[in-house]
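To start, the structure under review is shown below, and the notes come after it.
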Amino acid sequence: MLEKMGCPSQESEAITLAQEPMDTSCTPLRSPSAFIINTEIGAVLSVMRRNVRWGIQYIEDEDQIERSLIKSFKEIRREVFSWQTQWHTINPILYLQPFLDVIQSDETSAPITGVALSSIYKFITLEVLHLNTVNVADALHKIIDAVTSCRFEVTDPASEEVVLVKILQVLLACMKNKASVKLSNQHVCDMVNTCFQIVHQASSKGELLQRIARQTLHELVRCIFSHLPDVATPQVNEKENGYISSKTEGATNLDMLAVKVDESIGHTKEFLTTEPYGVPCMLEIFQFLCSLLTAVENSRVGPGLRSNSLSYDEDVPLFSLGLINSVVELGGASLGQHPELLTLVENDLFHSLIQFGLSPSPLILSTVCSIVLNLYHLLRTKLKLQLEAFFSSVLMRIAQNKHGAKYQQQEVAMETIVDLCRQPMFIYEMYTNYDCDISCSNIFEDLVNLLSKSAFPVNTPLTAIHVLALEGLIAMTNCISEKITGNCEVQVSEHAIPDPENEPFWKVKCESYENPGCWVPYIHKTKHMKKKLSVGSDHFNTDPKKGLEFLQGLRMLPDTLDPVSVACFLRYTTGLDKILIGDYLGNHDRFNVDVLLEFAKTFDFHDMNLDIALRVFLETFRLPGEAQKIQRFVEAFADQFYEQSPDIFANKDAALLLSYSLILLNTDRHSPQVKKKMTEEDFIRNNRRINGGNDLPRGYLSELYSSICENEIRMTPAQGAGVMTHDNWVGLLHKSRQTAPYIVCDSGEQINNEMFAILSGPTLAALSVVLDLVEQDDMLQTCIDGFLKVAKIAGCYQLDDVIDGLLVALSKFTNLLTPVSMEEPVFAFGNDTKAMKATIGVFTIANTYGDYIRSGWRNTVDCILTLHKLGLLPTRLATDTANDSDQIEDPGKSVLMSPPPPAVLVSAHSRKSSGLMGRFSDFLYYDTEKPAPQPSQEHLEAHKRAAETVKSCHVNNIFTESKFLQSDSLLNLTRALILSVGQNKNEEASVFCLELLITVTLNNRDRIMLLWENVFGYISNIVQSAVMPSTLVEKAVFGLIRICQRLLPYKENLTDDLLKSLQLILKLDARVADAYCEHITQEIMRLVKANARQIKSHLGWRTITSLVSITACHPEASDPGFQTLEFIMSEGTHLLPANFVLCVNAARQFAESRVGETSRSVKSLDLMSGSAICLVKWSRATSEGEEGEAADKVYQDIGEMWLRLLQSLKKVCLDPREEIRNHAVFTLQKCLTGLDGIHLEDEMWAQCFDLVVFTLASELLEIVQEKSTKEYRNMEGTVVLCVKLLLNVFLYSLPSLCRLVSFCKVWIGVLSCLERFMKVKIRGKMSDKIHEIVMELLKESLVVMKGNGVLVESDSVGSDSFWQLTWLHVKNISPNLQAEIFPVS
């Protein structure tokens, strides 16, 4: 039995061949070629002699053919060794021809043919034939011709399979040989043809042959298309029929496909046999591979009727897709450099990929997705709309389960989406080319929403798809994160919203799609327009008229509508309802008719068949059912088609009539109501003489008829979003002519912000949902890392709302915001991996992106409070920038930082006793101290994990580094702390928050005014509302003092405000003030000693002296209070005009205070006395540096301060204590008479006598007369001192007084006081001491006055009254004194 192609009989030989590697690479030739050829001749002859037919010597003529085969071998054998010296000149056909004759002979058996094929295989692989061999091209062609036409006698199936395997080996070896570049296109096609036939035959033979055949075909295709990058790029040819190629009518399996193989490859191109192989054969092979898909596709039911079960064989499409994938992988980007190949990819291949992508087989879907992924990587710039269609119609439909897909299909689709998202520039190019293209869908936004939605389990446990969806979102986030640079802020403000005065949206163009400086502003503009159009389309779909008016309001359409603008809106805007478009265009109003005409003009029908053009036109809207409307549509279409293709029709009427005829044919062929279908003859007959009285070509009409019959023109939109019908595909290919070029994004920094605005919300939601459901450590970490990536991007673009959302979402998983109701919260926290990771995430965000936190500080602070409550925070969580040496000296009384409560580990089995006996036992041992239960190892480990987690959070950095926070963030942090204190009923937590608030304030001394209002207002509320001592009040008071202590050295302009705040202390409730008075005074002393030179205003000193003064009567606080005052007044170091009177008054209060020893009162008087030196110093400084009115003003102020000093001393002169009283009188006299160098106006002395001296005398006399001697002991001595003060001061000030008009009044006042002193009674008796001192001092005074010429008989004062009045009063004191001083001559 003879067959075309068969093989050897030994089964063992088949197995041996199957085990031979298909790799034809070998080591270099080791033996001379002549010996190799001689060996192979011997091998063939040996096998031939074993055959009966060839082993017997025949004489008949009919046997001469067989004998000639042996004869030819023998002839070569005789000459082969003689060729060794000139082997490079020997034509290889000479020694190949006998082997090829055996292969092509019908009479040879399978073993003989197999050995001959093995010999040829050996010649090729051992490079007997190589690139430099003479006439190698012809030799290879001869080999291929012989092998592809191999014929032999089949003896058994096993031997046949062996021969088929050897045929495959030889063909593959030819292609892998370096000389294969000499092969012609035709021979390459023949090789593929032969391999495919063997693949077809193998389907009915053994599994091994099937696998070898398919693998060989794969290798052959790989070898062929790996040569494509080396092929020169040809000139661009016009696409046949404008881009639409016919699809092969195929069968359902390889049997029927094989019948048409010869018609599929290599029969249409005459030039296939001439030049070395290149694009022509690749085009034929690629087209054939695509036709395999088409054949399988056409053998199946339509997509709408397809069931979910595998109702067809997966084998053929998987095999075809595998071959196509090899073509794409090896052809690479070179496919796009050859228009014919690119056309196949754009049309036939991609259409089939979309159709097979919706198959119910996960294997097919996976292969299709792999091909698309490769095409995206290699040819995406050429396949913009095709990729959009695949993403929308296949990937997203299946991932959303809109196709009724199985779980496995959803998983494959989701994996592909995630793989795409992992490509470095995928999301940028999706956003740039689709979301920012007015005529395309929002692929990036749709993908984000799909992934986010798919990450949400709905009443189901978490599955791999949910995790994949999350990984996709994280991959997108990583892409944006990796593109972030340091100038994010500049990028945010660089691209503003385009000016509303824009050109029409359908005319917006980009000057250069390769220059980011051009296309970045362009896509910002188009995206802005697209958003407006999207809203407008929604309004249009509700009410077309209002929709157009709305777009006019948005300035997307002109104020006065014109047909062109409305037509372009309907033509290029996505999302419009096609039914409403058809109704609007079909309206009979004149304006609508004009819009329809302009709408038709937007189409490009050049180089299209009429049926294709009609499909493109009708695909953009739904054709109304009314005859008049249909007529208007067809007329508009026919007019435009004729104008663009005038060579086909004689006039417009011909195009109109044929268009009508096609619509009628479409209805007739595809309407179930029409029982008798129109035949091709009927269609041709109906269209006779319509072309200007002549017939259209029959072939042209037949082609139109076939096209309509094969593919219905759908008059209604396909059901379901994303369904890709044939008409949709035709419309897509037409649209690809006009779409904007594909923009390749080399970097995405300039559009990161806009993309992240779309991505952040869905990503955050998905992360939160998945984190809530997962427990595995790796997934937990993935979610936390996702949060941190989002935070990084949000921080870069200063998106505080996103950062706040992150903190709010993440803090919920810390379990720190819920009330601590568990008996062992630390144990629970330490065993909760999710809570610990979430806690680390919260504080990582807070520490890293704190500048952009606003409301999120509230959640962060709440977490900190809970950690403090659990005792997991360090003893000193945060400190300010001051050195430790500045802290309070007494640690036992430190109120500026308190440690948190220690975390107590409670044993799990520690429980209260229950039951009667238990309570009785507790009662018996009530006073017995029970040992604390020892924590278990598990508890210790949990506590250790919790502590390490909190340590890694670096909570303290939030507050110690708060000085670097932006102002808004810092303000919100302080508000969060204040709110937490106010709403926390636990005083310990409130105290902790207050400490943090004070720490933040101290660390931000340069921005204290930003915080001061809130901080002081809150502390003020605490202080003024306190009625009893408490830790919170204590922290508030001393925190306020601490703020002043730390800020005064650096903020001179705020000194008054800071010191004024200390007046809060004066408003403390008496019980509260008494409890903290000593400590307050100590802190005030530290403040004054450190900052006395910074305090210069009267207001500031008034606060300080007020705080010091109130301590004068406090047993514990008086000492530090006096030390403070002493520091200020000693030697006048820190006395200023601003604080002189205040300090004097404070010293007076200490002098009058009976708390403490008397010596302190004496020291107070000395301080007052010593302060007068400052007056002298200031007076002298004024005399040296000031003149005129300024000097007079200073002198006046000095005089007033002096007078206030005297008045204060005068008050102490009335003290009940003798020592203090007398020392005060002495000090007063010193201040009156011992200040040399002070400049005082004359009138000041008159005031001094009226306000101080005379008042003191009167008040002392009142005390002597009215007070008990027990209360005021030894008043006699004080009166004596007062008399001395009176007359000494008078004599000291006499030069100034005598110049006053009121001198007489002052003198009479002195005499009146002396009269009263003379009359005073001590213990009921007149005092001799007083009398003596009065007489003595009065006489001395009169003598001085006489000597100075003040008191003379002529009365130089101006009248006789002074002389007379003087002696009138003197006589009341001492009648004989006048005669002694002024004796009569």
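Reckoned from all heavy atoms, side chains included, excluding hydrogens, waters and symmetry mates. For the single chain, residues carry numbers from 1 onward in sequence order.
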Distance from [X] atom [atom1] to [Y] atom [atom2], nearest 0.5 Å?
X     : Y     : atom1 : atom2 : result
K1371 : E1315 : NZ    : CD    : 13.0 Å
L1377 : I1381 : CG    : CD1   : 4.0 Å
Q1265 : I1322 : CD    : CD1   : 9.5 Å
I1173 : L1235 : CD1   : CG    : 8.5 Å
H1134 : T1124 : NE2   : OG1   : 11.5 Å
S1164 : E1152 : OG    : CD    : 10.0 Å

Practice item. Decide side chain to side chain donor-acceptor pair (under 3.5 Å) for N1145 and S1109; before the verdict, give the C-alpha distance in whole Å, the side-chain angles of both, and the deciding distance to 0.1 Å. Key: CA-CA 8 Å; N1145 287 334; S1109 299; over 6 Å; no
N/O donor-acceptor pair under 3.5 Å between [X] side chain and [Y] backbone:
X     : Y     : value
N1348 : M1345 : no
E1241 : G1199 : no
R1071 : P1029 : no
H1369 : S1312 : no
T1133 : S1130 : yes
S1169 : L1165 : no
R1204 : V1141 : no

Under the rule for side-chain hydrogen bond (donor to acceptor under 3.5 Å, both in side chains), what residues qualify as partners of [X], not counting sequence neighbours?
X     : answer
Q1094 : none
S1161 : R1217
N1372 : none

Is [Y] close to [X] at the side-chain level, that is, under 4.5 Å between some pair of heavy atoms?
X     : Y     : result
M1129 : L1135 : yes
L1214 : R1221 : no
L1287 : L1314 : yes
F1362 : I1308 : no
V1225 : T1278 : yes
F1317 : I1373 : no
L1058 : W1012 : yes
V1015 : L1040 : no

Taking all non-hydrogen atoms of both residues, which atom of [X] and which atom of [Y] are closest, and how far apart?
X     : Y     : result
T1111 : G1121 : OG1-CA, 3.5 Å
P1115 : V1155 : CA-CG1, 3.7 Å
L1032 : E987  : N-OE2, 3.2 Å
A1151 : I1220 : O-CG2, 3.9 Å
V1023 : V1037 : CG2-CG2, 4.0 Å

**Study point:** Q1229: which of L1285, L1281, L1209 passes side chain to side chain contact (heavy atoms under 4.5 Å, CB included)
**Key:**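 In the set L1285, L1281, L1209, the residue that makes a side chain to side chain contact (heavy atoms under 4.5 Å, CB included) with Q1229 is L1285.
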Review point. What is the ring orientation for F1226 with H1223, classed by angle as parallel under 30°, tilted 30 to 60°, or perpendicular over 60°?
Key: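 F1226 vs H1223 ring planes: tilted.
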Enumerate the residue pairs fulfilling ring pair (Phe, Tyr, Trp, His ring centres under 6.0 Å) with a member in [range], sequence neighbours excluded, ordered by first and then second residue.
range              : value
residues 1083-1117 : none
residues 1136-1156 : F1122-F1150, F1140-W1178
residues 1179-1203 : Y1195-H1239, W1202-W1245

Exercise for review: May I ask you to decide whether R1086 forms a salt bridge with E1083, counting only side-chain N to carboxylate O separations under 4.0 Å?
Suggested key: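 Salt bridge flag = yes for E1083 with R1086.
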Point to revise | Set of residues satisfying salt bridge (Lys or Arg N to Asp or Glu O under 4.0 Å) with respect to D1074, sequence neighbours excluded | key: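 Applying salt bridge (Lys or Arg N to Asp or Glu O under 4.0 Å) to D1074 gives none.
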Point to revise | Exceeds 12 heavy-atom contacts within 6.0 angstrom, atom OH of Y1050 | key: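 Count not over threshold, so no.
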Practice item. List the steps, then state whether side chain to side chain contact (heavy atoms under 4.5 Å, CB included) holds for S1061 with C1044. Key: CA-CA 9 Å; S1061 67; C1044 293; 3.7 Å; yes
For residues 1288-1295, please give each side-chain donor-acceptor pair under 3.5 Å, one per line with the distance, not counting sequence neighbours.
residue: N1288; atom: ND2; partner: K1284; partner atom: O; Å: 3.0
residue: Y1292; atom: OH; partner: D1236; partner atom: OD1; Å: 3.3
residue: S1293; atom: OG; partner: V1289; partner atom: O; Å: 2.8
residue: S1293; atom: OG; partner: F1290; partner atom: O; Å: 3.4

Check your understanding: Could you give all pairs that pass the salt bridge (charged side-chain N to carboxylate O under 4.0 Å, His left out) test and reach residues 1157-1174, with sequence neighbours left out?
Key ->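 For residues 1157-1174, and leaving out neighbouring residues, the salt bridge (charged side-chain N to carboxylate O under 4.0 Å, His left out) pairs sorted by first residue read D1119-R1160.
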Practice item. Mind jotting down which residue pairs meet the salt bridge (charged side-chain N to carboxylate O under 4.0 Å, His left out) criterion with at least one end in residues 1296-1306? Sequence neighbours excluded, please. Key: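 For residues 1296-1306: D1242-R1299.
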Exercise for review: Any chance you could lay out the side chain to side chain contact (heavy atoms under 4.5 Å, CB included) test for L1297 and F1249, step after step, and finish with the verdict?
Suggested key: CA-CA 10 Å; L1297 290 173; F1249 274 91; 3.6 Å; yes
Point to revise | Stepwise side chain to side chain donor-acceptor pair (under 3.5 Å) test for E1276 and S1327 | key: CA-CA 8 Å; E1276 182 181 17; S1327 173; 2.4 Å; yes
Point to revise | Side chains of T1103 and Q1063, donor plus acceptor under 3.5 Å | key: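 Side-chain D/A pair, T1103 to Q1063: present.
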Practice item. Applying side chain to side chain contact (heavy atoms under 4.5 Å, CB included), run through V1253 and L1206 and close with a yes or a no. Key: CA-CA 9 Å; V1253 179; L1206 300 179; over 6 Å; no
Check your understanding: For residues 1246-1264, which residue pairs qualify under side chain to side chain donor-acceptor pair (under 3.5 Å), counting only residues two or more places apart or in two chains?
Key ->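 Checked against side chain to side chain donor-acceptor pair (under 3.5 Å) - neighbours excluded - the pairs reaching residues 1246-1264 are S1258-R1316.
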Practice item. Could you name each residue pair satisfying side chain to side chain donor-acceptor pair (under 3.5 Å) that touches residues 1333-1347, not counting sequence neighbours? Key: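 Every side chain to side chain donor-acceptor pair (under 3.5 Å) pair that includes a residue of residues 1333-1347, provided the two are not neighbours, is K1339-E1380.
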Point to revise | side chain to side chain contact (heavy atoms under 4.5 Å, CB included) between V1310 and W1307, intermediate numbers included | key: CA-CA 5 Å; V1310 172; W1307 170 239; 4.3 Å; yes
